[in-house]
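Worksheet: the structure to be examined is printed underneath.
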Number of protein chains: 2
Amino acid sequence: MSTGPSPDGTVVAMCSALADETRWSILTALGQGDASASALARSLPVTRQAIAKHLAVLQEVGLVETVQVGREVRYRVIGTELSAVARRLDAIGTEWDRRLAAIKHIAESI
Amino acid sequence: MSTGPSPDGTVVAMCSALADETRWSILTALGQGDASASALARSLPVTRQAIAKHLAVLQEVGLVETVQVGREVRYRVIGTELSAVARRLDAIGTEWDRRLAAIKHIAESI
DNA sequence: CTCTTGTGCAACCACAGAGTTGCATATACT
DNA sequence: AGTATATGCAACTCTGTGGTTGCACAAGAG
């Protein structure tokens, strides 16, 4: 039996990026369509600069990519990385439950 | 077309709990078998009190449960909640990529 | 009974980061 | 040209929290 999948820095960084309400607000807003930092600032209760910082960390973990449109920088949500991390987390959770089931099985066999 | 799945506080809390290296160390250690806070403190480079706090937040989001064994409190990893959140994240990521694919499709049709 | 070990609680410190204001710069629009 | 809007960078504040030490208490182990 393996010791199970182990998370690397990517998972922690991704979870860290997803551990903020404002960042989720930004992501869901971008889910409606690409938008610039300034545009997001108009529909969210925080400063454009704050949003810019959030977009930077989102881009860092690959949740977002930029598209130049004239003088403005549009941001676009990318699901690939999120799904990849999600599958790894699911695998970890499944592993834990398998272990737990094994323990319960042993307990019942006594 | 729906606006897509939206995260509630559970997802944020779970991600917040998973956004710490030390907490992952604890989780992987518990993946080897149940252990008390004191036992974990012996194999990790942090204080027992620090570990106790971490275990509290892990228990808060349902990643861990306690089992009384004599005078000591053993902690056990639970995968159910983690897998549940993981599936929701995967769904969100998939939705984003579907949207992106649709956009690309439109762009190519012009 | 005594000693040891496991927990719990509280105060305190230090750093990360979420958010702000302010300014400088560049690029559209009229 | 001149104005307005989008972006970038820097400094500053302030709260959250990871980590510590210290003490008090409970309950096995001898």
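Lettering of chains follows the sequences in order, A, B, ..., and the numbering in each one begins at 1.
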Between CD of Glu21(B) and P of dA16(C) the distance, given in whole Å, is 14 Å
Judged by nearest nucleotide, the residue sitting upstream toward the 5' end of DNA chain C, Glu72(A) or Ser16(A), is Ser16(A)
Thr47(A) has its side chain closest, among dT21(C), dT7(C), dA10(C), to dT21(C)
For dG19(C), take OP1 and OP2 only and decide whether either is under 4.0 Å from a side-chain N or O of Thr22(A). yes
Whole-Å distance, Leu55(A) CG to dC9(D) P, equals 14 Å
* Following the transitive rule for hydrophobic clusters with a side-chain heavy-atom cut-off under 4.5 Å over Ile, Leu, Val, Met, Phe, Trp and Tyr, establish whether Val12(B) and Leu63(B) coincide in one cluster. => yes
Just to confirm, is there a sub-4.0 Å distance from OP1 or OP2 of dT7(C) to any side-chain nitrogen or oxygen of Ser38(B)? yes
### Query
If you measure from the Lys or Arg side-chain nitrogens to the Asp or Glu carboxylate oxygens, is any gap between Glu72(A) and Arg74(A) under 4.0 Å?
yes
Testing dA10(C), dT4(C), dT20(C) for proximity to the side chain of Arg71(B), the answer is dT4(C)
Regarding the side chain of Gln49(B), the nearest nucleotide among dG18(D), dT7(D), dC9(C) is dC9(C)
Closest to the side chain of Arg23(B), out of dA6(D), dT21(D), dG18(D), is dG18(D)
Q) Leu30(A), Leu100(B): one ILVMFWY side-chain cluster at the under-4.5 Å cut-off? A) no
- Would Ile78(A) and Leu89(A) show up in the same hydrophobic cluster when neighbours are defined by side-chain heavy atoms closer than 4.5 Å? no
To the nearest angstrom, the CD-C1' distance between Gln59(A) and dT7(D) comes to 14 Å
Which is true for Arg42(A) with a 4.0 Å heavy-atom rule: it touches a base, it touches only sugar-phosphate, or it touches nothing? sugar-phosphate
Quiz item: Counting only distance, no hydrogens or angles, is the base of dG8(D) paired donor-acceptor with the side chain of Arg48(A) under 3.5 Å?
Solution: yes
note: Ile51(B), atom CD1; dT20(D), atom C1'; distance rounded to Å ~ 13 Å
Here the distance between atom P of dG18(D) and atom CG of Leu18(B), to the nearest Å, is 12 Å
Using a cut-off of less than 4.0 Å, is there contact between a side-chain N or O of His54(B) and OP1 or OP2 of dT17(D)? no
Per atom distances to the Val73(B) side chain, the nearest of dT7(C), dG19(D), dT21(C) is dT7(C)
Does Lys53(B) contact dG19(D) through a side-chain donor or acceptor facing the base, at a distance under 3.5 Å? yes
- Query: Is Arg88(B) salt-bridged to Asp8(B), going by a charged N under 4.0 Å from an acidic O?
  - Reply: yes
note: Asp20(A), atom CG; dG17(C), atom C1'; distance rounded to Å ~ 9 Å
